[in-house]
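Since this is a predicted model, take the numbers as computed values, not measurements. Per chain, numbering begins at 1; letters A, B, ... match sequence-line order.
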Amino acid sequence: MRFHSPPSPRDPSIHSSKGPSMRLSQYFLPILRENPKEAEIVSHRLMLRAGMVRQSSAGIYSWLPLGHKVLMNIQRIVEEEQDRAGAIQMLMPTIQSADLWRASGRYDDYGKEMLRITDRHGRDMLYGPTNEEQITEIFRNSVKSYKDLPRNLYHIQWKFRDEIRPRFGVMRGREFLMKDAYSFDLTAKDGRHSYQKMFAAYLRTYERMGLKAIPMAAETGPIGGDMSHEFIILADTGESEVFCHRDLIEMQAPPADLDFNADLTPLVSRWTDKYAATIEMHEPERFEREVPEDKRIAARGIEVGHIFFFGDKYSDPMGCRVQGPDGAQLTVQSGSYGIGVSRLAGAIIEASHDEDGIIWPESVAPFKVGLINLKAGDAGTDGACEDLYGKLQKAGIEVLYDDTSERAGAKFSTMDLIGLPWQLVIGPRGVKNGEAEIKNRRTGEKQSLSFEESLNLLTAPAQG
RNA sequence: CGGGGCAUGGCGCAGUCUGGUAGCGCACCUGCUUUGGGAGCAGGGGGUCGCAAGUUCGAAUCUUGCUGCCCCGACCA
């Protein structure tokens with residue numbers, strides 16, 4: 001860490017819609033030049049080296065400023081797409097009462113993965129690994145009529161599962177941030193529509209993060225049927241083997257103006273007609289029969305979401321019923337829909353990096369632009385940088401301005417490591433000609449442009 | 001939970017076998033020279049050697065117990 005320049009007064013106008021821009025000399029960005037030995041996979045290494053997270057204990061992490069910004073950007077996309085699909089946001093607690101879980105019968109079933117706690121009165125509590133019981137109780141106590149169905153409620157909250165072996169950094173932590181949604185319908189048929197809404201929302205969510213997530217058939221448990229899918233992104237470091245049809249990789253997510261109230265069966269069928277399965281569900285004969293040889297993909301994948309329809313699994317034992325139009329008591333039909341928000345931060349890096357560091361998609365990048373002053377203290381570069389920094393902020397662009405007195409090479413490699421989509425490089429040579437060098441982190445392409453042209457390029461609509 | 005490994009300054013490591021009171025690179029501080037892809041020289045600061053007990057004149061080093069962390073496997077968002 002360096003804190004070179006004297007602090008300058010903070011201008012409230014620097015706050016853009018996504019968050020404040022920053023001078024590196026005043027930021028908290030503890031980067032590591034060498035790889036911590038405990039980190040084996042690339043996303044874990046890069047998150048530690050880029051100063052995004054620090055491990056607190058096995059599978060439990062603090063999110064440092066840079067990582068926190070990414071996490072919040074991912075969360076925001078998840079929220080926007082859940083809202084678009086008609087789900088309603090709320091927030092449930094992390095600590096739950098054991099009695100709630102005894103009611104569904106899961107208190108004894110869940111095993112050692114559940115972190116059990118006793119409060120000062122000797123009451124059994126637990127740190128929630130998920131919230132089916134809690135939401136079912138809330139819903140049961142508040143909803144009595146079929147007229148209040150369907151509903152889909154979601155929250156984004158920290159969960160805890162005491163994994164036997166946490167690993168891969170935030171991809172397989174014990175404490176993790178998860179979006180979980182719960183649908184409530186009168187019939188299984190209606191439940192299918194709720195399920196399909198989430199299916200479509202998930203496709204959009206991952207696409208917005210620059211990911212190609214493929215829905216794959218997952219185990220459905222006692223309910224059976226075709227109502228459970230895992231969303232998997234392909235990555236060499238994925239934890240499980242997956243098999244799918246190559247065409248799925250080319251398919252487009254549904255558009256922003258998708259009508260979620262329309263019949264979504266054709267949409268979902270387009271995605272599920274083609275073979276895609278994790279190793280657990282893999283049927284080699286069917287794979288070979290249905291998928292031409294040149295279209296077969298056998299790869300590794302990271303699960304970034306899981307949707308599941310479970311009918312009355314919780315509503316029946318917990319007595320979650322509504323009165324139907326004919327006066328009969330009907331047991332509510334439910335599904336749950338998870339997205340691993342903190343895991344996605346790691347998964348995106350697994351899918352998008354090179355030997356120099358992270359390559360953020362613009363939608364989740366902690367800052368859009370890294371402004372590099374190659375000669376801090378030089379009147380020419382300082383002046384040009386201050387001007388560009390101010391103008392970018394006014395345009396609502398998030399900038400990380402490297403105003404430190406590090407050497408050029410160190411600044412370049414730091415920017416490459418933290419993976420901001422654009423680097424705007426200001427050096428004495430360029431300033432003489434009124435030019436900046438602008439580098440695209442993903443393509444590596446560099447071009448010299450006038451300050452004006454640079455600003456135009458960076459303030460143009462996002463290009464992903 | 002089975003198997004393997006590690007624990008010495010913020011990070012990476014040497015020193016442990018053969019006990020003698022801690023060292024290297026990076027990072028950090030000061031000065032000078034440098035300055036477009038991880039600079040050079042000089043001078044500095046920082047470590048209960050994971051914890052506890054034991055052996056010994058003396059323990060990072062030997063013994064015993066404990067703890068934490070990592071990797072492989074079975075399980076999971």
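- Taking a cutoff of 4.0 Å between a charged side-chain nitrogen and a carboxylate oxygen, Lys411(A) and Asp403(A) do not qualify as a salt bridge.
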| query | In B/S/- notation, 5' to 3', how is nucleotides 2-12 of chain B contacted by protein heavy atoms closer than 4.0 Å? | reply | ----SS---BS
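- Below the 3.5 angstrom threshold, one finds a donor paired with an acceptor across the side chain of Glu437(A) and the base of rG36(B).
- Atoms CD1 (Ile31(A)) and P (rG38(B)) sit 14 Å apart, rounded to a whole Å.
- Legend: residues meeting side-chain hydrogen bond (donor to acceptor under 3.5 Å, both in side chains) with Gln196(A), ordered by chain and number and at least two apart, are Thr265(A).
- Ring geometry for Trp63(A) against Trp158(A) counts as tilted: the plane angle lies between 30° and 60°, on a 0 to 90° scale.
- Taking Lys274(A) as the reference, nothing meets the salt bridge (charged side-chain N to carboxylate O under 4.0 Å, His left out) condition, with sequence neighbours excluded.
- Contact annotation: Gln423(A) side-chain N/O to rG37(B) OP1/OP2 distance is not under 4.0 Å.
- Each of Gly430(A) and Gly59(A) was assigned the nucleotide of RNA chain B with the nearest heavy atom; the assignment lying further toward the 5' end belongs to Gly430(A).
- Across all strands shown, rA42(B) pairs with rU30(B); the Watson-Crick or G-U wobble distances both stay below 3.5 Å.
- Separating the CG atom of Asp403(A) from the P atom of rU35(B) is a distance of 21 Å, rounded to the nearest angstrom.
- Mapped onto RNA chain B by nearest heavy atom, Val425(A) and Glu175(A) fall at different nucleotides, with Val425(A) at the one closer to the 5' end.
- When heavy atoms are screened at a 4.0 angstrom cut-off, Glu239(A) is found touching base atoms of the nucleic acid.
- Base engagement by Ala410(A) is indicated by at least one non-hydrogen atom pair under 4.0 Å involving a base atom.
- Under 3.5 Å, the side chain of Arg407(A) and the base of rA39(B) form at least one donor-acceptor pair of N or O atoms.
- Under the Watson-Crick or G-U wobble criterion, with both distances below 3.5 Å, rA52(B) is paired with rU64(B).
- Atom CD in Glu280(A) sits about 10 Å away from atom C1' in rC76(B), given to the nearest Å.
- When Watson-Crick and G-U wobble pairs are counted only if both distances are under 3.5 Å, rG9(B) pairs with no nucleotide at all.
- Across all strands shown, nothing is found opposite rA77(B) as a Watson-Crick or G-U wobble partner with both distances under 3.5 Å.
- Figure legend. rC17(B) is base-paired to no nucleotide; pairs are counted as Watson-Crick or G-U wobble with both atom distances under 3.5 Å.
- rG36(B) has no base stacking with the ring of Phe412(A) when judged by centroids under 5.5 angstrom apart and an interplanar angle below 30°.
- Residues satisfying the side-chain contact (heavy atoms from CB on, under 4.5 Å) test with Lys112(A), not counting sequence neighbours, are none.
- In this structure Lys37(A) satisfies the side-chain contact (heavy atoms from CB on, under 4.5 Å) test with no other residue, sequence neighbours excluded.
- Residues passing the side-chain contact (heavy atoms from CB on, under 4.5 Å) test with Ala85(A), sequence neighbours excluded: Met198(A), Ala201(A), Phe260(A).
- Of all nucleotides listed (rC76(B), rA74(B), rG38(B)), rA74(B) comes nearest to the side chain of Arg167(A).
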